[in-house]
Amino acid sequence: MQINISSIKNEVGASKHAELDETFNPIEFDGEDVKFKEPVRISLDITNAGDFFNVQGTVSTVIELNCGRCLENFNYVLEFDFNEDYYPVKEENKLLEDEEGIPFTGEEINLEPEIKANIQLSIPMRQVCSEECQGLCTHCGVNLNKKQCGCKDDNVDPRMAVLQDLFKKE
Ligand SMILES: [Zn+2]
Ligand SMILES: [Zn+2]
């Protein structure tokens, strides 16, 4: 995932646009492998800002997550803005302490580490296939989004059971 900056590197203010479609291997999140269902689409503008190159744009893809309620896999659209500054450095030099940004050498900027890190940050901690997800029946384990089971009737809150008994008596 390299961006070549040779066409803009000698002119402050010059910029170029890049569109990339990258196939990613699964990435680890919270001890699980998260699969990509589509290539990662990266749309960026790279600008020569004098001391550094600003890279900004959008990243989007579809990943497969596992619902915490019904335990089914579902597709999740992941989309975020990307904005990083890359400082050209000679191999033997390091970034000055007060400079915030990412060092690179030569004419190619490798975006992969930052894109990967940003993807990991964008994966939601709480993964639910839909706000309406009914989850699994706590008694028989049936997926209540797909099927109704008979368990509900036997599963009455004890406080409600008292009321039910009262109604039966009347
Ligand atoms: Zn679900
Ligand atoms: Zn059930």
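Order of appearance sets the numbers: ligands from 1, and atoms from 1 within every ligand. Treat the numbers as computed from the prediction; the structure is a model and nothing was measured.
Among the atoms of His139, no N, O or S atom falls under 2.8 Å of the Zn ion (ligand 2).
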Review point. Taking it one step at a time, do Tyr86 and Ile46 satisfy side chain to side chain contact (heavy atoms under 4.5 Å, CB included)?
Key: CA-CA 10 Å; Tyr86 290 84; Ile46 304 99; over 6 Å; no

Exercise for review: Go through the steps to decide whether Met125 and Phe29 satisfy the test side chain to side chain contact (heavy atoms under 4.5 Å, CB included), and finish with yes or no.
Suggested key: CA-CA 9 Å; Met125 284 305 294; Phe29 179 78; 3.6 Å; yes

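Contact check on Glu72 versus Lys146 returns a salt bridge, with a Lys/Arg side-chain nitrogen under 4.0 Å from an Asp/Glu carboxylate oxygen. Using a 4.0 Å cut-off between charged side-chain N and carboxylate O, Arg126 and Glu131 make a salt bridge.
For the pair SG of Cys133 and SG of Cys129, the angle at the Zn ion (ligand 1) is about 110°; rounding is to 10 degrees. The angle subtended at the Zn ion (ligand 2) by SG of Cys149 and SG of Cys151 is 110°, given to the nearest 10°.
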